[in-house]
Amino acid sequence: MNSVLVRQKFLDFFRDKAHEIVPSAPMVVKNDPTLMFTNAGMNQFKDIFLDNAPVKFARIANSQKCLRVSGKHNDLEEVGHDGYHHTMFEMLGNWSFGDYFKEDAIRWAWEFLTEVVKIDKNKIYVTIFEGDPAEALEQDREAYDFWKSRIAEDRILPGNKKDNFWEMGDSGPCGPCSEIHVDMRSDEERKKKDGRELVNKGDPRVIEIWNLVFIQYNRRASGELELLSKKHVDTGMGFERLCMALQNKTSNYDTDVFQPVIHEIASLTRIPYGNSEKTDIAMRVVADHLRAIAFAIADGQLPSNAKAGYVIRRILRRAVRYNYTFLQQNKPVIYKLLPALIASMGNAFPELALQRNLIERVIFEEEQSFLHTLESGDKRLKDGIELMKKSGQQELNGKIAFELYDTYGFPLDLTELILKENGFTVNKGEFDREMTEQRNRSKSAAQVESADWVMVRPGNEQTEFLGYEHLRAEVKINRYRSVTLKDKKLYHLVLNRTPFYAESGGQVGDVGYMDDGEEKISIVNTIKEHGLVIHVADKLPVDTSAVFEAVVTDGVREATARNHTATHLLHQALREVLGSHVEQKGSLVNPEYLRFDFSHFQKMTAEEIREVEVRVNRRIRNSISSNVLTEIPMEEARKMGAMALFGEKYGDHVRVVQFGDSVELCGGTHVDNTSRIGLFKVVSESSIAAGIRRIEAVTGDKADAWYRDLEDKLGAVEQLLNHPQDMVKAIGGLMEEKSSLQKQVDNFSRESARLFKERLKQQATVSGDITVISALAEEPVNDMAIIKDIAFQLKGEIDNLFLVIGTVVNDKPFLAVALSDKLVQEKKLHAGEIVKTAACEFEGGGGGQPFFANAGGKNPAKLNLAMEKALSMAGS
RNA sequence: GGGGAAUUAGCUCAGUUGGCUAGAGCGAUUGCAUGGCAUGCAAUAGGUCAGGGGUUCGACUCCCCUAUUCUCCA
């Protein structure tokens with residue numbers, strides 16, 4: 001059964017059981033500080049489990065793109081070495097929100113596996129939670145009984161808390177789970193050893209394919225468990241594993257999910273798959289990572305140097321590293337695999353084909369830059385090896401290996417490999433110590449402690465957002481908690497209603513204050529977390545049950561709104577001027593300025609930027625009123641021509657913001673008429689990644705200020721030039737004049753230097769076999785650069801020269817000594833030493849090379865003494 | 001969020017206790033050679049040593065701040 005059909009059958013099956021089929025949420029998580037990527041199917045329903053969002057459908061099923069590369073689930077280093085670990089994978093899941101529970105979940109899982117996709121019942125084992133005395137939890141008897149009626153009791157295995165009790169995090173919803181395992185071994189092997197002994201024992205052929213989680217508890221921050229009133233089902237089945245089982249393969253990579261890409265790698269590298277263990281691992285790594293990166297980029301997460309973007313970059317780099325070391329590819333090649341990936345997954349995920357050009361360019365550029373990193377690390381390591389050869393060391397200092405890794409991004413295993421090729425080893429103990437230290441530093445720096453929510457007005461009513469119309473409102477506190485990070489203590493307040501806009505969609509959160517007549521609490525930021533609008537305050541009100549007046553700082557909000565509306569107009573103008581390939585890739589809107597990142601492949605020309613400005617400003621002057629539609633079904637919004645990003649959440653009713661022909665899905669705050677923006681000015685256009693450009697612009701007062709600043713500068717220049725008729729011409733004339741004067745000055749100083757040099761030559765006295773010259777340099781040759789120049793010239797012209805020149809610049813004495821090479825060698829004289837000793841005379845210091853040195857001091861009156869001192873050292 | 005590092009010619013990079021007249025390769029320009037090209041030979045131009053402060057007689061080099069980039073940890 002091919003993979004496309006498997007996915008389809010799963011969704012069809014649950015559709016028949018009255019489940020709503022929803023699309024995969026984006027792999028990149030927005031608005032959840034605790035998570036960078038979707039790492040399980042349940043992520044997009046977290047708000048429902050936490051009871052922060054209403055249930056729209058009680059039964060849901062889908063296939064969710066997941067990425068496990070950071071945090072609790074981190075499989076990155078395992079990928080490729082076996083047949084079943086992945087960074088990105090699809091999770092098939094069915095959910096019940098307060099609807100069906102253990103019985104139906106178990107019945108349908110069994111029915112799907114044994115009747116729809118027809119897995120042999122005799123190869124299936126299930127596990128149930130065995131209980132945990134420490135938590136006072138009993139064995140999950142219910143699950144056991146429901147299984148008992150379907151499967152032989154000796155195939156129902158008890159599992160411990162680690163395997164069979166699922167928790168979302170340190171706190172939150174949790175509950176026992178029941179796993180379904182399939183024994184994929186051959187008949188003979190199965191006869192030899194009972195499969196039940198291999199369940200959860202790491203045997204790659206006896207694998208868990210489905211986990212049914214029964215959410216019935218909530219864990220409090222204190223660690224206590226409380227029973228939930230509404231129970232939920234959360235299941236997850238690894239799509240790739242299921243395909244492997246159904247296609248009777250020994251590895252996920254042998255299924256039709258990966259084989260097209262692996263074939264392509266084999267043909268590009270001219271190494272057949274199956275050639276050797278090492279090259280096979282590398283090909284699996286590349287195939288897996290390509291998928292993860294391509295989907296991440298399609299979901300809008302570009303590789304970068306921090307946070308989520310950096311995680312993506314690291315995945316790509318791991319692929320490049322394997323490609324480089326084991327497949328001998330030292331040129332970018334991974335980007336060439338995209339067509340193969342699109343051929344196998346493009347149907348289920350159209351975003352891949354639509355963004356192909358961008359994805360290829362980004363991957364190409366990243367490959368190139370990392371290959372460069374590897375090259376320079378390689379060079380650095382080879383330098384270290386040369387040193388070891390000279391000193392006869394056998395083992396590379398672990399600190400050096402760590403430095404290579406930590407600072408230059410050079411992987412340890414590559415260091416070890418190269419050392420081994422040269423007959424050396426590395427001290428891994430030292431390396432690990434450095435690594436542990438690094439970890440501890442980070443941990444102590446990133447400590448955030450959130451206390452339990454204190455419910456002031458229980459009932460979890462949704463916060464009503466009033467901010468589109470109002471900047472102040474009477475509000476009450478629903479709940480609050482304290483948050484401690486490092487030495488700072490802040491308070492999170494959730495209100496029944498609020499005029500404050502929470503940071504979202506690139507627009508920063510509102511600031512302002514809350515006042516109950518007794519005290520004024522300032523709100524320093526507003527953020528969104530798990531569907532809650534959180535007002536961040538620096539102190540807790542004395543009376544949390546009071547009625548407050550909540551007030552948003554309005555000048556700031558108005559400035560932000562101007563920038564947000566201007567962002568929409570900019571987006572529209574860019575598409576008109578550059579073409580419809582322009583897509584939003586990131587946006588920041590704050591009171592100061594706006595920043596807009598978009599896909600485009602060349603630097604914008606000055607004319608294009610100007611044209612964009614003209615178009616935006618024209619629309620501002622046309623005074624276009626806003627037309628905001630709320631609660632519009634997604635389909636309708638698309639019909640209106642709304643520019644939307646991929647992967648809105650399921651069943652979403654969206655808000656559409658329209659200014660004339662500019663139609664966007666947007667939850668942000670806007671001005672009611674474009675004329676309120678006043679003025680728009682692009683202040684910079686730059687590149688932030690391959691195929692992505694960034695525009696920064698200002699509006700309103702800030703744009704005024706920009707032009708005023710320019711005016712001031714021009715005014716100042718004009719004044720300096722005595723108000724010429726044509727400023728450009730005047731400056732051009734000045735520049736020309738300057739360069740001709742400069743030439744004259746150069747000639748003069750060259751001439752005075754030449755004269756000075758001639759004078760010095762005439763002053764030369766011969767003492768023994770040494771030609772001594774000593775002189776004071778005065779205007780216009782009292783310049784150390786000129787003196788140096790003359791000294792080097794004389795050194796070339798006179799044999800056995802001993803030259804001492806003194807001068808005074810800005811009331812400070814200077815001394816230069818030049819010796820011909822012969823004197824240095826034969827008489828063991830050293831200008832640096834001479835100058836150092838002589839400089840003591842005028843309270844200074846100096847140094848230099850044996851043949852030329854200079855010194856400076858503080859007391860110009862003693863310059864003569866210093867020169868004499870220097871001369872006295874001529875020896876002879 | 002924390003640690004480490006980098007920023008030198010158009011590009012890629014050297015510059016080892018603070019003083020080597022800031023260099024190399026590629027590229028650019030010019031001239032010469034060749035019927036033309038690949039190319040070869042020769043010469044020339046090109047630098048606020050990221051920006052700002054400090055220490056010092058003297059800073060590309062040491063210290064502090066800022067910006068940008070890279071990298072590791074979370």
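First the proteins, then the strands, lettered A, B, ... as listed; each starts at 1. In this text the structure is predicted, and so the values were computed from the model without any measurement.
Atom CE in Met435(A) sits about 16 Å away from atom P in G4(B), given to the nearest Å. The distance between atom CD of Glu434(A) and atom P of G2(B), rounded to the nearest whole Å, is 21 Å. Rounding to whole angstrom units, CD1 of residue Ile400(A) and C1' of A5(B) are separated by 15 Å. We find that CD of Gln368(A) is positioned 16 Å from C1' of C70(B), with the value rounded to whole Å. When the C1' atom of G2(B) is taken as reference, atom CG of Asp406(A) falls 11 Å away, rounded to whole Å. The CD-P distance, from Glu696(A) to A67(B), rounds to 14 Å in whole Å. Atom-to-atom, CZ of Phe842(A) to P of U56(B) comes out at 16 Å; the value is rounded to the nearest Å. Distance CG (Asp432(A)) to C1' (C73(B)): 14 Å, rounded to an integer number of Å.
Nucleic acid contact for Gly845(A): base, since at least one base atom lies under 4.0 Å from a heavy atom of the residue. When heavy atoms are screened at a 4.0 angstrom cut-off, Ala855(A) is found touching base atoms of the nucleic acid. Among the atoms of the strands shown, base atoms are found under 4.0 Å from some heavy atom of Gln438(A). Among the heavy atoms of the strands lying under 4.0 Å from Phe851(A) are primed sugar atoms or P, OP1, OP2 only; no base atom is included. Base contact: Gly856(A) has a heavy atom under 4.0 Å from a base atom. When heavy atoms are screened at a 4.0 angstrom cut-off, Phe410(A) is found touching no nucleic acid atom at all.
Taking the P atom of each, A74(B) and C11(B) are spaced 36 Å apart, rounded to whole Å. Atom P of A42(B) sits at a distance of 14 Å from the matching atom of A24(B), rounded to the whole Å. Remark: the separation of the P atoms in G1(B) and A45(B) is 48 Å, to the nearest Å. For the C1' atom pair drawn from G46(B) and U30(B), the interatomic distance equals 14 Å after rounding to whole Å. With both ends at atom P, the span from G58(B) to C41(B) equals 46 Å, rounded to whole Å. A distance of about 14 Å separates the C1' atoms of A22(B) and C13(B), rounded to the whole Å. When the C1' atom is compared between G15(B) and G23(B), the two are found 7 Å apart, to the nearest whole Å. Nucleotides C26(B) and A9(B) place their C1' atoms 12 Å apart, quoted to the nearest Å.
A salt bridge does not link Glu367(A) to Lys331(A): none of the charged nitrogens lies less than 4.0 Å from a carboxylate oxygen. Between Asp432(A) and Lys428(A) there is no salt bridge, since no side-chain N of the basic residue sits under 4.0 Å from a carboxylate O of the acidic one.
Between the side chain of Arg481(A) and the main chain of His492(A), no donor-acceptor pair closer than 3.5 Å is present. Not a single donor-acceptor pair under 3.5 Å links the side chain of Ser482(A) to the backbone N or O of Tyr491(A).
The side chain of Tyr405(A) places an N or O atom within less than 4.0 Å of a non-bridging phosphate oxygen (OP1 or OP2) of C73(B). Within the 4.0 Å cut-off from OP1 or OP2 of C73(B), not a single side-chain nitrogen or oxygen of Arg439(A) is found. Taking 4.0 angstrom as the limit, His372(A) places a side-chain polar atom (N or O) nearer than this to OP1 or OP2 of C13(B). Residue Lys858(A) places none of its side-chain N or O atoms closer than 4.0 Å to OP1 or OP2 of U56(B). Close to C57(B), at under 4.0 Å from its OP1 or OP2, lies no side-chain N or O of Lys812(A).
In secondary-structure terms, RNA chain B builds stems of at least 3 consecutive Watson-Crick or G-U pairs, each pair having both distances under 3.5 Å, at B:1-7 with B:67-73, B:10-13 with B:23-26, B:28-33 with B:39-44, B:50-54 with B:62-66.
Phe792(A) qualifies as a stacking partner of the U21(B) base, centre to centre under 5.5 Å and near-parallel within 30°.
Taking for each of Gly848(A) and Phe402(A) the nucleotide of RNA chain B with the nearest heavy atom, the 5'-most of the two is the partner of Gly848(A). Toward the 5′ end of RNA chain B lies the nearest nucleotide of Arg380(A), the other residue of the pair Leu404(A) and Arg380(A) mapping further downstream.
Side chains of Asn800(A) and Thr771(A): no donor on one and acceptor on the other come within 3.5 Å.
Looking at the side chain of Asn854(A), the nearest of the listed nucleotides A5(B), U21(B), G19(B) is G19(B). For Phe814(A), taking side-chain heavy atoms from C-beta onward, the closest of the listed nucleotides A5(B), C57(B), C70(B) is C57(B).
Note on ring orientation: taking the six-membered ring where Trp is involved, the planes of Phe792(A) and Phe851(A) are perpendicular (angle over 60°, cut-offs 30° and 60°). In this structure, Phe402(A) and Tyr405(A) have tilted ring planes: the angle between them lies in the 30° to 60° band.
Geometric assessment of Arg380(A) against the ring of Tyr408(A) yields a positive cation-pi assignment under the 6.0 Å and 45° thresholds.
Taking 4.5 Å as the limit, every side-chain heavy atom of Leu302(A) sits out of range of all side-chain heavy atoms of Arg313(A).
Distance check, rounded to the nearest 0.5 Å: CG of Leu803(A) to CG of Leu819(A) gives 8.5 Å.
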